[in-house]
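Heads up: the structure comes next, in C-alpha cells.
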Amino acid sequence: NLKKIKFMKKKRAFITGITGQDGSYLADFLLKKNYEVFGMVRRSSTFSTKRIDHLIESKKIRFDYGDLTDTSCINNLLRNIKPNEIYNLAAQSHVKVSFELPDYTAEVDSLGVIKLLNAIKEICPNSKYYQASTSELFGGEKKTVPQSEKTSFNPKSPYATAKLYAYWIVKNYRDAYKLFACNGILFNHESPRRGNTFVTKKITRGVSNIEKKKQEFITIGNLDAVRDWGYAKEYVEGMWRMLQLKKPLDLVISTGKATSVRKFIELSFQHIGKKIIWKGHGVNEKGYCKKTNKMFVKVSDKYFRPNEVQYLCGNSKLAKKKIGWTPKTNIKELVRIMMDYDLKYDDYGEDLT
Ligand code: NAP
Ligand code: F7E
C-alpha cells in the first residue's frame, strides 16, 4: 500500500516531441527526478523512436500516438493523462525546411500551440506549460547582440514567424486565463542526438565519416553564420527549472559565447588531428587539409537560406538569477562530445549520452 501511495504521488509530465533531441533528454531527466513520463509519438511508416528506445524497452515511459495538428487527439490525451507539467517540444523545427513547408510549419508550430493551450484551459487549467520558444525570434542582426528577453523580435523565416505567434499566444493565455505558461527562449543546443540535417551534426558526422574513409568531403552552406551553441542535455534542465518557479516567466537560455560555422568545422577537424586551410571566396570557397592539400569542405548554394539569420549570441543572466541555471559545456567540449560519439557509432548507437 505504501508503495502505491508513493506511486500516486509521482508528478506526471507530458512531453510532445519526445522522439526528438530535446524530448528524449528531457524524458531521461524527468525520470531521474521520479516523474511519470508520458509522450506523444507521431505515427510513421518506420520507427521514429530511436532516441527513446532505451526508455520504451525498459517500460519507463508511456507513449501514445498523436499529432499536434489534431485537436481531438490532444484533448483526449490531456483528459486521460491529467499531467502536472506539459512540455511542448513538438515542432517542424528546421529553419531551411520551413521555407519549403510554410503552411505545415504554421499548422504545427503556431496552431498546434493554441490547440494545446485551449485544451489546458478547458481540461487541466492547473497544469504548468512549457513552450519551446527560440532565439530565431530575434533575427540575428549583429547590432542586437547579445540578445536577451528585452531584445525586439525580427523573425526571418516561416519557422521563426510561426514560433513568434506561439510566443505571443502563450503570453496572451497566461495573462487572460491565468495559466502557468512559460516561453523558454532557447539558443541553439546540440548533442550526439541532434538531427543529422542540422549543421553541427552534419559537420561532426561528416568529419567522422572522412576519418572512417566513408565520405570524401562535406558540402556546406553559409560558413560565416554565427551561433551560440550549447549542450542540449543541460538545456532541458532549464526547461524543468522554469516550471518549478512560483510565477511563470519567459527566459533566455544560452551560453553567451559565439562561434561561426567555419570555426565549428575547424574544431571538428582538429579533433582528428587535421588543420583546415581556406581558399577562394563565396560559393567557390573550399577547405583543404593543410598537410595533404586534399579538399575536405566545399560550399554549395543549395544550403543557403532565402533569408539568413547571421549572428545569434544570448544573454542568459536572468535565467541565472531566477532559476539558477548556467551553462557548463563550452564549444570545444561540445565538439569533443559529438565527435567522440560519431567516431564510435555510425548512427544512433547504444550509448546515447
Ligand atoms: P527535433 O529533434 O526536430 O524534434 C522535434 C520533435 O517534434 C520530434 O519528436 C518530432 O517527431 C515532433 N513533431 C514534429 N511535428 C510534429 C507534429 N505535427 N505532431 C507531433 N509531433 C511532431 O527538435 P529539437 O531540437 O528537439 O527541439 C525541440 C523544440 O525546441 C522544437 O520545438 C524546436 O523548434 C525548439 N527549439 C530547438 C532548439 C535547438 O537548438 N535544438 C532551439 C530553440 C528551440 P518525429 O520524431 O516524428 O519527427
Ligand atoms: O543552422 C548555417 C545555417 O540548421 C545553423 C533549430 O534547432 O536552432 C536551429 O536552427 C546555421 C545557419 O540551425 C549549413 O545557414 C551552413 O545559419 O543547424 P542549423 P538553425 O537554423 O540555427 C534554432 C535556435 C531553432 O530554434 C531551430 O529549431 O548554420 N549552415 N551550412 C547550415 N545549416 C544547415 N542546416 N546545413 C548546412 O549545410
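Keep in mind that this is a model prediction, so the values were computed, not measured. First listed ligand is number 1; within each ligand, the first listed atom is number 1. Hydrogens, waters and symmetry mates play no part in the numbers below; they use all other heavy atoms, side chains included.
Of the candidates V95, I52, I185, L68, L68 brings a heavy atom nearest to atom 20 (C) of ligand 1. Nearest-residue assignment for atom 17 (C) of ligand 1 (options D67, T19, I74; heavy-atom criterion): D67. For atom 1 (O) of ligand 2, the nearest non-hydrogen atom from the set R305, R227, E308 belongs to R305. Residue A91 holds the heavy atom nearest to atom 5 (C) of ligand 1 of all those in A91, G112, S98.
With a heavy-atom cut-off of 4.0 Å, K163 touches ligand 1 through its side chain alone. Under 4.0 Å from ligand 1, the heavy atoms of M40 that appear belong solely to its side chain. Only the backbone of S133 comes within 4.0 Å of ligand 1, judged by heavy-atom distances.
For K202, a nitrogen or oxygen atom sits less than 3.5 Å from a nitrogen or oxygen atom of ligand 2, counting backbone and side chain alike. Backbone and side-chain nitrogen or oxygen atoms of G221 are examined, and one is located within less than 3.5 angstrom of a nitrogen or oxygen of ligand 2. Geometrically, ligand 2 and V199 share a nitrogen or oxygen pair separated by less than 3.5 Å.
Ranking the protein heavy atoms by distance from atom 40 (O) of ligand 1 puts H189 N, 2.9 Å first. For atom 3 (O) of ligand 1, the closest non-hydrogen atom on the protein side is S93 OG, 2.7 Å. Considering only non-hydrogen protein atoms, atom 48 (O) of ligand 1 sits nearest to R42 NH2, 2.8 Å. The shortest contact between atom 25 (O) of ligand 1 and any protein heavy atom is with R194 NH1, 3.3 Å. The protein atom (non-hydrogen) at minimum distance from atom 36 (N) of ligand 1 is Y159 OH, 3.9 Å. Ranking the protein heavy atoms by distance from atom 27 (O) of ligand 1 puts D22 OD2, 3.7 Å first. The single protein non-hydrogen atom nearest to atom 2 (O) of ligand 1 is Q21 N, 3.1 Å, given as residue, atom name and distance. Annotation: atom 31 (C) of ligand 1 to nearest protein heavy atom, L89 O, 3.1 Å.
Within the 3.5 Å criterion, the main-chain N or O of F38 finds no donor-acceptor partner in the side chain of R62. Judged by distance alone, with hydrogens and angles left aside, the side-chain atoms of D109 form no donor-acceptor pair with the main-chain N or O of K163 at under 3.5 Å. Of the possible donor and acceptor atoms, one in the side chain of N80 sits under 3.5 Å from a partner among the backbone N and O of N76. Side chain of D228 to main chain of G314: a donor-acceptor pair is present (N/O by atom type, distance under 3.5 Å, no hydrogens or angles). Remark: side-chain polar atoms of E234 are paired, donor with acceptor, to backbone N or O of T329 under 3.5 angstrom. Remark: the backbone N or O of N183 is paired with a side-chain donor or acceptor of D250 at under 3.5 angstrom. The closest donor-acceptor contact from the side chain of Q92 to the backbone of H94 lies under 3.5 Å.
Taking the six-membered ring where tryptophan is involved, the planes of F63 and Y65 are perpendicular, since the angle between them exceeds 60° and thus also 30°. W325 and Y235 have perpendicular rings, their planes meeting at more than 60° on a 0 to 90° scale where under 30° would count as parallel.
At least one heavy atom of H94 sits closer than 4.0 Å to an atom of ligand 2. For Y159, the heavy-atom gap to ligand 2 drops under 4.0 angstrom. Y25 does not count as a contact of ligand 1, since none of its heavy atoms falls under 4.0 Å from the ligand. Distances from ligand 2 to the non-hydrogen atoms of R194 include at least one value under 4.0 Å.
Interface of T134 with ligand 2, defined as ligand atoms under 4.0 Å from a residue heavy atom, comprises 23 (C), 24 (C), 25 (C), 26 (O). Residue-ligand proximity, A225 to ligand 2, at heavy-atom distances under 4.0 Å covers atoms 17 (O). Ligand 1 places these atoms under 4.0 Å from at least one heavy atom of T134: 43 (C), 44 (C). Remark: ligand 2 atoms within the under-4.0 Å shell around heavy atoms of E136 are 22 (O), 23 (C). Those atoms of ligand 2 with a heavy atom of T197 less than 4.0 angstrom away are 34 (C), 35 (N). Under a 4.0 Å criterion applied to the non-hydrogen atoms of S135, ligand 2 contributes the atoms 24 (C). Listed by number with element, the atoms of ligand 2 under 4.0 Å from a non-hydrogen atom of V95 are 10 (O), 21 (O). Within the listing of ligand 1, atoms 29 (C), 30 (O), 32 (O), 35 (C) sit less than 4.0 angstrom from a heavy atom of A132.
A cation-pi arrangement is present between R193 and Y25, with the terminal nitrogen or guanidinium carbon under 6.0 Å from the aromatic centre and inside a 45° cone about the axis. Figure legend: cation-pi geometry between K201 and Y341 absent, as NZ or CZ is not positioned both under 6.0 Å from the six-membered ring centre and within 45° of its axis.
Of the residues Y311, Y167, F153, the one that meets the ring-ring contact (aromatic ring centres under 6.0 Å, His included) test with F138 is F153.
Within a 6.0 Å sphere centred on NZ of K142, heavy atoms belonging to other residues, nucleotides or ligands number 12 at most. In K121, the NZ atom is crowded: over 12 heavy atoms of neighbouring residues, nucleotides or ligands sit closer than 6.0 Å.
The distance between the ring centers of F296 and F269 falls below 6.0 angstrom.
Residues R336 and D340 are paired through a salt bridge, judged by an N-O separation under 4.0 Å between the basic side chain and the carboxylate.
Between E141 and Q147, the side chains place no donor N or O within less than 3.5 Å of an acceptor N or O (distance only, hydrogens not considered).
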